[in-house]
Amino acid sequence: MSHSLFQQAFDEIRTQVESEDFPASFERADVLERLRHPDRVIRFTVRWIDDEKKVHHTPA
Amino acid sequence: MQYCNAIGPYKGGLRFAPNVCEDEFLFLALEQCLKNALTGLPLGGGKGGARFRTSDHSRHEVLRFCQAFMDEYVRHGGADVDVPAGDIGVGSREIGWLYGRWAKLTGRHVGMLTGKPEELGGIPGRVEATGYGTVRFAMRMLERLDRQIDGLRVTVSGAGNVALYAAERAILEGARVLSLSNSKGTARFGDGGLTREQLDEIKEATAEGTRLEAFAQDRSWLEFAEGTTPWSIECDVALPCATQNELDEPDARLLAAGGTVVVAEGANMPSTAAAVAAMKESGVVLGPGKAANAGGVAVSGFEMIQNATRDPWTRKEVLERLDEVMDEIHERCVQHSGNGKRPDYVRGANVASFYRLGRAIVATGPN
């Protein structure tokens with residue numbers, strides 16, 4: 001079994017849509033490939049202070 | 001994770017949990033894109049969160065964490081850009097604090113988060129929406145097979161909002177709810193099923209942080225079977241409402257052998273790929289999460305409409321419209337899987353949502 005949850009989800013979608021006849025425009029626009037990658041991944045670090053006044057740096 | 005905004009602003013839950021990783025967010029965001037497309041509402045797909053276990057921290061620590069999170073997030077979100085909701089570790093209290101910080105930083109009162117407390121523009125019925133919607137979807141699946149939910153035996157996994165409100169709706173529709181569960185084991189109820197009053201007791205206890213196994217200790221009407229899942233209990237309808245990959249191939253075979261007719265997923269991808277294949281092979285009809293649990297995000301969509309129009313909805317309106325949306329999703333799945341007597345909902349859900357996303361992506365130009 002695949003260990004990547006993303007791969008598991010993407011494979012299901014690919015298997016289902018590959019055997020379906022979609023308009024040719026879908027292929028020209030490469031719809032499936034477009035859905036393989038997110039538009040963007042935003043990362044930031046949350047810096048916060050706990051009750052003992054200690055600073056934490058939590059990656060998000 | 002801003003995944004795809006072809007049909008609307010990025011939309012998905014914020015998850016605060018200690019073990020979240022990029023793979024999990026990618027999977028959830030992708031599922032969210034298709035699910036949101038399936039609702040028919042103008043909602044794109046996204047997901048986000050942080051490695052933070054809300055329940056490990058004091059009220060003030062959670063407040064400061066939410067504020068610090070928003071201090072960073074503020075530049076990325078907005079009612080027309082990216083509209084998160086709650087998820088694991090992020091309830092209406094946290095959404096309220098996140099929203100309060102946003103309002104303070106921007107000076108604006110707009111629907112840039114959903115799942116808000118009603119005092120801040122939240123919509124009634126949001127908490128129930130996912131679970132209620134999942135049962136509605138299961139009812140439609142049963143009808144297609146000339147069955148009614150009334151009197152049927154239903155097993156539910158999980159003990160969060162999805163599970164509790166799926167159980168509530170199932171009881172309201174006359175079904176016998178035989179189980180709830182958590183990561184430690186399964187709470188089993190007698191053959192007559194859980195009553196509404198007993199469920200209310202469980203809801204109250206879990207809201208205060210009591211776990212099912214502790215709750216079961218001094219009560220005779222339920223038995224907590226440690227280390228088990230609900231899938232060995234004979235049932236007509238199974239509702240996995242806990243977490244991803246909680247139902248594997250042997251579980252699917254057990255369900256089939258026990259005569260289960262319908263499985264409707266309240267959680268996201270609770271069935272492994274092998275379990276999905278086993279159910280298909282053995283004739284158990286499966287309603288996949290991206291269809292069956294779309295009620296939550298649909299009601300989030302209503303909240304966005306409510307905030308944009310400044311015209312509050314009543315709980316009755318919300319629940320009526322929720323059922324309509326679930327029925328529409330069911331219809332789309334049936335249409336896109338060949339209109340058969342026993343529809344392949346997995347296929348229907350994927351194809352229908354891919355159609356909608358694809359048409360929008362084509363319309364924006366291929367880049």
Side-chain angles (χ1 to χ4, degrees), chain A, chain B residues 1-6 10 22-31 33-34 44-46 48-52 57-58 60-61 64-65 67-69 71-73 76 244-245 248 268-269 272-274 276 288 336 344 346-351 353-355 357-359 361-362 364-367:
Chain A
M1 199 187 85
S2 157
H3 288 290
S4 162
L5 292 167
F6 175 76
Q7 204 56 48
Q8 184 185 341
F10 187 80
D11 286 347
E12 180 191 291
I13 296 162
R14 188 179 51 205
T15 313
Q16 296 297 339
V17 305
E18 269 180 355
S19 53
E20 179 84 13
D21 281 331
F22 288 101
S25 56
F26 277 40
E27 202 163 313
R28 287 197 298 274
D30 216 0
V31 172
L32 184 62
E33 274 310 303
R34 175 150 170 183
L35 289 176
R36 188 194 289 275
H37 306 285
D39 288 349
R40 70 190 62 77
V41 179
I42 297 163
R43 288 174 177 285
F44 51 78
T45 302
V46 181
R47 301 181 202 282
W48 58 286
I49 300 170
D50 71 16
D51 290 344
E52 270 71 54
K53 308 283 187 282
K54 183 178 177 312
V55 181
H56 293 258
H57 310 271
T58 305
Chain B
M1 192 75 64
Q2 297 183 335
Y3 208 97
C4 177
N5 66 349
Y10 300 107
E22 182 156 325
D23 177 52
E24 184 173 348
F25 285 136
L26 273 170
F27 135 64
L28 290 165
L30 174 63
E31 286 284 295
C33 290
L34 281 95
R51 286 187 204 103
F52 180 83
H57 297 280
S58 71
H60 274 95
E61 286 182 349
R64 280 195 299 274
F65 186 85
Q67 291 176 337
F69 186 94
D71 287 345
E72 283 298 322
Y73 175 82
H76 306 294
Q244 56 256 13
N245 290 334
D248 59 18
N268 291 314
M269 207 165 74
T272 64
V276 174
H336 286 276
D344 180 344
V346 175
R347 180 170 187 80
N350 282 299
V351 171
S353 52
F354 193 76
Y355 252 113
L357 281 170
R359 277 197 297 267
I361 288 168
V362 168
T364 57
N367 50 49

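Owing to the predicted nature of the structure, the values given are computational and were not obtained by experimental measurement.
With B/Y3 contributing its side chain and A/L35 its backbone, the two residues share a donor-acceptor pair below 3.5 Å. Within the 3.5 Å criterion, the main-chain N or O of A/L5 finds a donor-acceptor partner in the side chain of B/D23.
Contact of A/S19 with chain B is made through backbone and side chain together, with heavy-atom distances under 4.5 Å. In this structure, no portion of B/L28 lies under 4.5 Å from any heavy atom of chain A. Residue B/N5 touches chain A through both its backbone and its side chain, counting heavy-atom pairs closer than 4.5 Å. Contacts between B/Q2 and chain A at a heavy-atom distance below 4.5 Å involve backbone atoms as well as side-chain atoms. Using a 4.5 Å cut-off between heavy atoms, B/E22 contacts chain A through its side chain alone, with no backbone atom that close. Only the side chain of B/L30 comes within contact range of chain A, with at least one heavy atom under 4.5 Å from a heavy atom of that chain. Contact of B/Y73 with chain A is made through backbone and side chain together, with heavy-atom distances under 4.5 Å. For B/E61, the parts lying near chain A are the backbone and the side chain together; criterion is any non-hydrogen pair under 4.5 Å. With a 4.5 Å cut-off on non-hydrogen atoms, A/T58 touches chain B through its side chain but not through its backbone.
Taking the six-membered ring for Trp and the full ring otherwise, B/H336 and B/Y355 have centroids separated by under 6.0 Å. For A/F44 and B/F69, the gap between ring centers is short of 6.0 Å.
For the set B/E72, B/Q244, B/Q67, the entry with the most heavy-atom pairs within less than 4.5 Å of chain A is B/E72. Of the listed residues (A/H56, A/R47, A/E20, A/R43), the one with the most heavy-atom contacts under 4.5 Å to chain B is A/E20.
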Would B/T272 and B/D248 count as a side-chain hydrogen bond (donor to acceptor under 3.5 Å, both in side chains) here? Give the steps.
CA-CA 5 Å; B/T272 64; B/D248 59 18; over 6 Å; no
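Residues B/Y10 and A/D39 form a side-chain contact, since some pair of their non-hydrogen atoms from C-beta on lies under 4.5 Å apart.
A search for side chain to side chain contact (heavy atoms under 4.5 Å, CB included) contacts involving B/D344 returns B/K280, B/S337, B/V346, B/R347, not counting sequence neighbours.
One finds no salt bridge joining A/D30 and A/R36 here, because no Lys/Arg side-chain nitrogen approaches an Asp/Glu carboxylate oxygen to under 4.0 Å.
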